[in-house]
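First comes the structure, then the notes that go with it.
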2 protein chains.
Amino acid sequence: MPTKTVDRRIERTRQLLQEALIAVILEKGFEAATVQDVIDRANVGRSTFYAHFQDKEDLLLSGFEHLWAEFEKHLNAASANNEGPWGLSLSMFQHAESQRRLYKAMAGKQGGNIALTYIQKYLSGYLTDHLKQQLAKRKKGFPPEILSYHIASSFISLLTWWLDNDSTYSAEQMNDFYRQLVEPGVNMIMQNG
Amino acid sequence: MPTKTVDRRIERTRQLLQEALIAVILEKGFEAATVQDVIDRANVGRSTFYAHFQDKEDLLLSGFEHLWAEFEKHLNAASANNEGPWGLSLSMFQHAESQRRLYKAMAGKQGGNIALTYIQKYLSGYLTDHLKQQLAKRKKGFPPEILSYHIASSFISLLTWWLDNDSTYSAEQMNDFYRQLVEPGVNMIMQNG
DNA sequence: TAAGTAATCAAACATAGTGTTCGGAAACGT
DNA sequence: ACGTTTCCGAACACTATGTTTGATTACTTA
């Protein structure tokens with residue numbers, strides 16, 4: 001197999017920019033962050049930034065994709081224990097716990113909507129697949145898109161609350177809260193649909 | 001009583017700017033909107049804008065405060081029917097239904113977080129007061145701030161879903177969905193806390 | 001370790017938006 | 001019709017964006 005080495009400078013520049021963006025987000029929020037802030041903090045030339053990324057959204061997205069890939073590794077590693085919607089949420093709480101700084105910057109209120117929108121869509125998709133069969137049985141049931149949307153956004157709002165408030169509850173506790181809040185309503189709807 | 005007339009020009013300028021902002025938000029979103037966009041659309045001089053508002057946030061806030069005052073009128077008018085958390089949510093769905101365009105611009109995904117943050121805090125406050133007594137009884141109960149936060153943000157996410165998707169469900173239907181999703185979990189927690 | 005390649009940098013530039021100031025013109029209320 | 005207030009437009013300094021250039025630096029590989 002070909003040694004696919006990436007030029008050390010590229011690696012370093014990208015890391016510097018990623019880290020600088022995280023720091024700026026935590027300081028003043030993603031919306032208020034400017035490319036200028038980032039390159040100043042990273043000590044990287046202006047033209048160098050634009051050689052790597054189109055804009056700050058692109059930079060954030062690149063970092064998020066990396067984080068998400070790590071999450072999926074974690075998810076697969078724990079797949080034995082963490083199946084179903086409540087296992088998926090637990091995995092995400094756990095991964096967020098192990099990467100608090102990054103999650104706070106990307107999935108906190110300061111982080112804008114890029115990561116949150118992605119997660120929302122991911123969860124909605126997963127839930128739609130997962131609940132499809134059971135909802136298919138019912139005729140005039142509860143609107144499935146609202147159900148999926150609710151389960152997903154409830155998770156997200158708990159996650160961001162947890163991150164923004166630097167809450168000391170464990171990932172497992174947060175997932176328990178999440179289940180206690182959401183599961184009863186979902187069960188009622190699945191039964192009576 | 002003193003006739004408290006406001007100069008017609010002031011009234012007109014403010015209205016033009018408000019409406020222009022709504023239009024721009026619906027077109028490209030609040031974050032992307034610029035003061036330049038607004039004054040171009042409103043056909044108002046640059047210095048005139050700054051004579052009335054500090055920036056686009058200020059302009060949005062001013063419009064939101066007006067809308068919110070109208071909501072509170074509606075709420076008081078319906079107070080007989082709409083008591084408790086689920087009555088409050090119904091009132092808000094109803095008011096949103098009667099002012100869809102404004103609500104979509106301010107409380108939709110395109111509208112930024114100014115209005116949503118305000119509503120979130122308002123609801124959380126209301127719920128904290130309203131649930132305080134019942135939660136006080138329990139000792140090691142469910143964290144009340146998480147409970148309030150969840151009830152409020154579930155409402156908000158349903159509202160924005162409704163607005164963003166131009167859903168044709170009625171305000172009453174939306175409130176039913178909201179109750180079905182959220183009430184069972186809340187009741188479980190209040191009983192077993 | 002030397003040679004060639006590739007990334008970085010600073011500087012300059014055009015563009016766009018921000019927020020303020022000013023005097024003259026227009027619209028307003030009484 | 002008068003005096004007051006608002007509006008306008010032009011100018012200005014400032015900050016940030018996104019691109020281009022050629023010289024410099026640092027990396028890879030042979």
Side-chain angles (χ1 to χ4, degrees), chain A residues 1-63 66 105 110-114, chain B residues 1-63 66 105 110-114:
Chain A
M1 70 196 207
T3 47
K4 210 177 179 181
T5 315
V6 176
D7 193 310
R8 205 175 291 169
R9 290 168 293 183
I10 295 181
E11 205 80 31
R12 192 157 42 82
T13 297
R14 297 180 100 99
Q15 274 181 2
L16 282 170
L17 290 172
Q18 302 280 6
E19 168 51 29
L21 177 63
I22 299 299
V24 175
I25 288 177
L26 293 174
E27 208 172 288
K28 52 154 71 178
F30 179 71
E31 300 300 344
T34 66
V35 172
Q36 197 65 45
D37 292 330
V38 174
I39 63 181
D40 285 351
R41 169 149 343 214
N43 241 309
V44 160
R46 171 163 211 73
S47 52
T48 305
F49 177 95
Y50 287 105
H52 289 275
F53 304 102
Q54 289 202 340
D55 45 38
K56 62 174 180 171
E57 280 78 17
D58 191 25
L59 173 56
L60 181 70
L61 195 59
S62 153
H66 185 259
Q110 298 261 276
N113 292 321
I114 295 178
Chain B
M1 72 198 207
T3 46
K4 209 178 180 181
T5 315
V6 177
D7 193 311
R8 206 176 288 168
R9 289 168 293 182
I10 296 182
E11 204 81 30
R12 193 156 42 82
T13 297
R14 296 179 104 98
Q15 273 181 4
L16 282 170
L17 289 172
Q18 302 282 5
E19 167 52 29
L21 177 63
I22 298 301
V24 175
I25 288 176
L26 293 174
E27 207 172 288
K28 51 155 68 178
F30 179 72
E31 299 302 344
T34 67
V35 171
Q36 197 65 46
D37 292 331
V38 174
I39 63 180
D40 285 351
R41 170 150 339 217
N43 241 309
V44 159
R46 172 162 209 74
S47 51
T48 304
F49 177 94
Y50 286 105
H52 289 275
F53 304 101
Q54 289 202 342
D55 46 36
K56 62 174 181 170
E57 279 79 16
D58 191 24
L59 173 57
L60 181 70
L61 195 58
S62 153
H66 185 261
Q110 297 262 275
N113 291 321
I114 294 178

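Convention: sequence-line order gives letters A, B, ...; per-chain numbering from 1. Being a predicted model, the structure only gives us computed values, none of them experimental.
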Open item on the list: Using C1' atoms of five pairs at each end, report the bend of the helix from C:dT1-D:dA30 to C:dT30-D:dA1 rounded to 10 degrees.
Closed with: 40°

Task: Non-neighbouring partners of B:Asp55 that pass side-chain hydrogen bond (donor to acceptor under 3.5 Å, both in side chains), sequence neighbours left out - done: none

- [ ] Indicate the atoms forming the closest heavy-atom contact of A:Val35 with A:Arg46, along with that distance.
- [x] CG1-NH1, 4.5 Å

Taking distance alone, no hydrogens or angles, what donor-acceptor pairs closer than 3.5 Å link side-chain atoms of residues 20-31 of chain B to residues at least two apart or in another chain?
| residue | atom | partner | partner atom | Å |
| --- | --- | --- | --- | --- |
| B:Glu27 | OE1 | B:Arg41 | NH2 | 2.8 |
| B:Glu27 | OE2 | B:Arg41 | NH2 | 3.4 |
| B:Lys28 | NZ | B:Asp37 | OD2 | 2.8 |

Task: All side-chain hydrogen bond (donor to acceptor under 3.5 Å, both in side chains) counterparts of B:Glu19, not counting sequence neighbours - done: B:Arg101

Open item on the list: Using the side-chain hydrogen bond (donor to acceptor under 3.5 Å, both in side chains) criterion, which residues pair with B:Ser47? Sequence neighbours excluded.
Closed with: none

- [ ] Kindly state which residues belonging to residues 38-60 of chain A come within less than 4.0 angstrom of DNA chain D, counting heavy atoms of the residue only, listed by number.
- [x] A:Arg46, A:Ser47, A:Tyr50

Task: Within-4.5 Å side-chain heavy-atom neighbours: A:Asn43 and A:Leu16 - done: no

- [ ] Output the single nucleotide from D:dA16, D:dT28, C:dG29 whose closest atom is nearest the side chain of A:Thr34.
- [x] D:dA16

Task: Residues which pass side-chain contact (heavy atoms from CB on, under 4.5 Å) with B:Asp40, listed by chain and number, not counting sequence neighbours - done: B:Gln36

Task: Contact residues, residues 9-33 of chain A to DNA chain C [heavy atom, < 4.0 Å] - done: A:Arg9, A:Ile10, A:Thr13

- [ ] Please name all residues satisfying side-chain contact (heavy atoms from CB on, under 4.5 Å) with B:Thr48, sequence neighbours left out, ordered by chain then number.
- [x] B:Thr13, B:Val44, B:His52

Open item on the list: How many whole angstroms separate atom CG of B:Asp7 from atom P of C:dA27?
Closed with: 12 Å

TODO: With sequence neighbours excluded, tell me which residues meet side-chain hydrogen bond (donor to acceptor under 3.5 Å, both in side chains) with B:Arg12.
DONE: none

Open item on the list: Under the rule for salt bridge (Lys or Arg N to Asp or Glu O under 4.0 Å), what residues qualify as partners of A:Asp58, not counting sequence neighbours?
Closed with: none

